[in-house]
Amino acid sequence: MFAYRSNLANHTMSSESPLTISQRAMAQPLGLSAVAGEFPWMLDLNERQRQAVETLDGPVLVLSGAGTGKTKVLTSRLAQLLVTGRAKPWEILAVTFTNKAAREMRERTQRLIGPVGEGLRWLGTFHSTSAMILRQHAELVGLKPSFTILDTDDQIRLLKQVIESEGLDQKRWTPRFLASLIEGWKNRALTPDKVPTDQAFLFANGKGAKLYALYQARLKILNCVDFGDLLLETISLFLNQADVLNQYQTRFKFILVDEYQDTNVAQYLWLRLLAQQHKNLCVVGDDDQSIYGWRGAEVDNILRFEHDFPGATIVRLERNYRSTPHILAAASHLISSNKNRLGKTLWTKMPDGERVLVRGLWDGEAEARLIADDIEQWRRSGRRYGEGAVLVRASWQMRAFEERFLMLQIPYRVIGGPRFFERAEIRDAHAYFRLVRSLDDDLAFERIVNVPKRGIGDTSVQRLSAAARLAGVPLVTMAKDLLGSDELKGQARTGLTRFINQLEHWRKKALELPHTELAEMILDESGYTDMLKADKNPQSVSRLDNLKELVRSMGLFDTLAAYLEHIELVMDLDRAEAGDGVQILTLHAAKGLEWPLVFLPGWEEEVFPSKRALDEKGDKALEEERRLAYVGLTRARESARISFAANRQIYGRWASVLPSRFIDELPDGHVDAVSDTGYFTQAIGAAEARFNAYGPLSTPPGDGFNAGYESPGWKRAQAAHALKKGGLTAAKGFGGPIVDGEAKLVAKTGAGDAKYKLGQRIFHDKFGYGLVAHVEGSKLTIAFEKSGEKKVIDSFVRLA
DNA sequence: TCCGCACAATTTTTT
DNA sequence: ATTGTGCGGA
């Protein structure tokens with residue numbers, strides 16, 4: 001990796017300096033000896049990478065394939081800009097999507113050039129950078145500099161109020177749906193007045209835009225913004241205040257963007273505005289790894305870069321330092337089925353290694369068993385668990401592996417899932433703190449006024465909010481007024497009185513106590529911890545732990561205010577990454593990571609590519625799914641092992657599934673297809689050969705399902721789709737394939753045979769309870785209690 | 001106000 | 001299967 005530390009003084013000068021005259025003239029390595037010939041990081045770069053680092057002027061698009069050293073280029077470029085004196089740290093804008101990426105970029109830059117990197121004020125996420133700018137000029141867009149950044153939960157609650165205020169049916173028009181529409185509009189930089197009519201009609205018969213406008217108005221009143229606003233408000237600030245825009249355009253001499261393929265329209269406009277003056281915009285990305293279209297990313301941004309920024313230099317990073325040739329060839333061939341791409345040819349100098357393994361299994365359980373066994377074997381061969389990862393399309397697929405790993409006592413870690421700061425208990429705690437910070441934080445008040453239960457139910461809160469809105473005062477103020485009158489009675493009155501008094505009490509204590517002690521006091525006195533302790537739910541123990549962890553992390557900040565300010569944007573306290581364990585994560589979460597051994601299970605039609613994605617977005621989604629497959633394959637350094645099952649339990653129902661079309665798109669020469677009938681290497685017509693190998697496993701016998709038996713998987717998938725339209729479906733209409741009396745049973749027994757014995761009582765999802773009347777391999781004849789004798793496949797049945 | 005039951009939904013995820 | 005949500009009754 002980076003062998004070079006920050007001792008610039010040692011750099012030798014050389015007449016073969018790569019710098020131009022003008023660069024050399026300007027070179028001012030920040031107080032260190034000027035004109036270092038070869039900067040140390042340069043020695044570490046290949047030709048293309050070097051070009052990407054040295055082309056400092058004008059628009060630059062660095063197309064960096066998987067594993068081609070993208071971050072190295074970015075950080076070297078930062079170092080280059082600083083050390084050659086082309087820019088002061090504060091004159092560089094460097095944006096990423098995640099805090100993690102920003103942190104990594106900062107750290108690695110500092111490793112190259114030392115503490116100079118600390119001065120990079122404008123290295124951050126799109127959102128944090130926008131927030132910095134916006135706080136500076138809040139008044140110009142109708143906000144106070146202290147504006148609060150809403151999280152999704154607050155946002156939904158606010159939207160709920162807005163929808164209610166319009167007298168709409170919450171059930172038909174959910175806040176969640178409106179939130180996703182508004183998010184989509186904001187991603188495309190559409191303010192309420194710009195929402196196209198047809199779009200507005202997606203919600204409540206044309207009220208979409210109006211509700212959006214109402215929501216925005218409420219946000220302003222509450223002095224809040226949501227994540228989308230951070231970008232949008234900044235854009236409108238720039239558009240409406242030429243002097244402000246000019247100030248930033250002048251300041252940012254150089255702009256760097258990471259993961260450009262993930263930018264949405266708003267981010268594109270934002271960048272275009274800022275880059276206008278110096279035009280030194282360098283974007284780094286890979287169109288083939290664009291997998292976030294569903295949340296607004298526009299692959300077009302990267303595809304159109306040359307057009308948008310005329311005269312752009314395009315640098316292709318194609319030398320891969322991660323994977324073996326077989327893996328690269330498989331991935332490259334697969335992705336070549338995509339039409340919408342710029343095109344790259346990855347190559348490597350690595351030795352061949354093993355081919356990509358493709359294996360068909362009887363069902364999901366067998367798949368988990370196989371993968372677990374592989375991992376054990378890997379481990380026995382002297383490797384670590386942590387070198388392996390299981391990459392799934394959707395998180396429900398993780399459970400099978402967890403169960404298996406648990407059984408075999410294979411250590412594992414699930415990456416992703418609910419984030420620490422998104423857990424209910426953490427947000428409840430935050431709501432308390434926010435309310436203590438400022439009493440007019442109505443959203444915080446609403447969240448915890450009855451958590452734990454204080455006898456202040458929905459009716460009381462509704463009445464309170466109505467009155468507060470009418471009077472135009474915060475909820476806490478109105479609550480005090482209300483308590484002075486006889487409006488509230490009984491439990492609600494006692495509860496609210498106590499709550500308000502506690503708030504006052506905590507606010508006083510806030511002045512004397514260190515904030516961590518205050519936090520503990522609040523959690524105790526509010527009854528929150530007692531509530532969790534009393535909760536019999538097994539999760540409440542870990543919730544209490546989370547609260548302890550919360551208080552601990554607060555200790556890292558000087559004040560409560562500093563802490564709250566920080567968490568609004570930087571919500572990714574990494575949970576402890578400890579120990580050696582197999583990692584289980586989604587393909588999305590795997591982007592940017594790598595492992596020697598990568599498992600890619602569940603390559604089945606409707607699972608991967610995901611049926612839902614295809615239904616919603618058709619071909620566009622198919623290409624994105626394919627990119628996801630590409631991302632998955634390119635995570636592997638030494639070994640990539642794809643697998644698919646013939647039968648899978650999805651949402652509690654058994655379904656017979658077909659191999660993914662992506663399997664047919666893999667190139668023959670680089671893939672080994674294996675089934676438990678033997679070991680196959682394809683010479684000709686690989687798909688067929690491969691298919692035949694899987695045939696016995698993956699083709700459920702029965703009417704209609706033999707139709708495409710001789711053809712590749714995709715053709716059969718099409719046949720199955722056609723059948724489905726006619727109502728004859730294995731996945732939905734029936735609880736599983738039925739074996740007709742007459743049907744030739746082509747399938748032989750799968751993994752474990754004769755699981756069932758004569759006379760056993762079983763349960764079938766579709767037909768209910770019955771007794772086993774006859775067993776023939778995996779084919780069972782069952783006498784069902786309700787529907788008589790039927791023939792079914794054993795995997796669709798379980799012991800009753 | 002709270003609790004329990006019926007019912008529906010169920011990809012991916014960052015800020 | 002699982003999990004969250006909304007409604008009706010105690």
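Predicted model, so just to flag it, every value in this text is computed and none were measured. The chains referred to below are lettered A, B, ... by the order of the sequence lines, with proteins before strands, and numbering in each begins at 1.
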Exercise for review: Under 4.0 Å between any heavy atoms, over every strand shown, what does A/Ile650 touch: base, sugar-phosphate, or nothing? Just pick one.
Suggested key: nothing
Point to revise | Salt-bridge contact A/Asp258-A/Lys70 (side-chain N to carboxylate O under 4.0 Å) | key: yes
Review point. Are the ring of A/Phe227 and the six-membered base ring of B/dT14 within the stacking cut-offs of under 5.5 Å and under 30°?
Key: no
Practice item. Round to a whole Å and report the spacing from CZ of A/Arg399 to P of C/dT3. Key: 9 Å
Practice item. Would you mind telling me which residue lines up with the more 5' stretch of DNA chain B, A/Glu624 or A/Gln491, judged by nearest nucleotide? Key: A/Gln491
Exercise for review: Take the protein atom CD1 of A/Ile149 and the nucleotide atom P of B/dT14, then report the distance between them rounded to whole Å.
Suggested key: 17 Å
**Study point:** Donor-acceptor pair (no angle test) under 3.5 Å: A/Arg295 side chain, B/dT12 base
**Key:** no
Exercise for review: State which of B/dC2, B/dT10, B/dT12 makes the closest approach to the side chain of A/Trp294.
Suggested key: B/dT12
Review point. Between C/dT5, B/dC2, B/dT15, which nucleotide has the shortest distance from any of its atoms to the side chain of A/Thr98?
Key: B/dT15
Review point. Taking only side-chain nitrogens and oxygens of A/Asn450, does any of them come within less than 4.0 Å of OP1 or OP2 of B/dC2?
Key: yes
Point to revise | Selected nucleotide, minimal atom distance to A/Ser395 side chain, candidates B/dT1, B/dT12, B/dT15 | key: B/dT12
Review point. Whole Å only: how far is the CE atom of A/Met398 from the P atom of C/dA1?
Key: 22 Å
**Study point:** Whichever of A/Leu628 and A/Gly455 has its nearest DNA chain B nucleotide further upstream toward 5'
**Key:** A/Gly455
Review point. So, is A/Ser460 close to the B/dT1 phosphate, meaning a side-chain N or O under 4.0 Å from OP1 or OP2?
Key: yes
Practice item. Using a strict 4.0 Å threshold on nitrogen-to-oxygen distance, state whether A/Glu365 and A/Arg404 make a salt bridge. Key: no
Exercise for review: Could you check how far CD of A/Glu183 sits from P of B/dT12, rounded to whole Å?
Suggested key: 15 Å
Exercise for review: Just call it for A/Phe97: base, sugar-phosphate, or nothing, with non-hydrogen atoms closer than 4.0 Å on any strand.
Suggested key: sugar-phosphate
Point to revise | Interatomic distance where CG belongs to A/Asp615 and P belongs to B/dT12 [whole Å] | key: 16 Å
Practice item. Provide, to the nearest angstrom, the distance between the CG atom belonging to A/Leu587 and the P atom belonging to B/dT14. Key: 14 Å
**Study point:** Residue A/Arg393, side-chain heavy atoms: nucleotide from B/dT1, B/dT15, B/dT12 that is nearest
**Key:** B/dT12
Review point. Is A/Arg447 salt-bridged to A/Asp154, cutoff N-O under 4.0 Å?
Key: no
Practice item. Describe the nucleic acid contact of A/Glu616 in one word from base, sugar-phosphate, nothing, applying a heavy-atom distance below 4.0 Å. Key: base
Exercise for review: Would you mind reading off the distance between A/Leu150 atom CG and B/dT14 atom C1', rounded to a whole angstrom?
Suggested key: 16 Å
Check your understanding: Under 4.0 Å: is that the gap between some side-chain N or O of A/Asn99 and OP1 or OP2 of B/dT14?
Key -> no
Review point. Looking across every strand, which nucleic acid part, if any, lies under 4.0 Å from A/Thr125 by heavy atom: base, sugar-phosphate, or nothing?
Key: sugar-phosphate
Check your understanding: Judged by modelled atom types alone, do A/Gln216 and A/Asp229 share a side-chain donor-acceptor pair under 3.5 Å?
Key -> yes
Review point. Quick one: is A/Thr586 getting a side-chain N or O under 4.0 Å of the B/dT13 phosphate, OP1 or OP2?
Key: yes
Point to revise | Lys NZ or Arg CZ of A/Arg218 over A/Tyr215 ring: under 6.0 Å, within 45° | key: no
Review point. Given atom CG of A/Asp153 and atom P of C/dG4, what is their separation to the nearest angstrom?
Key: 13 Å
Exercise for review: For A/Arg626, check salt bridge (charged side-chain N to carboxylate O under 4.0 Å, His left out) against everything at least two apart and list the hits.
Suggested key: A/Glu665
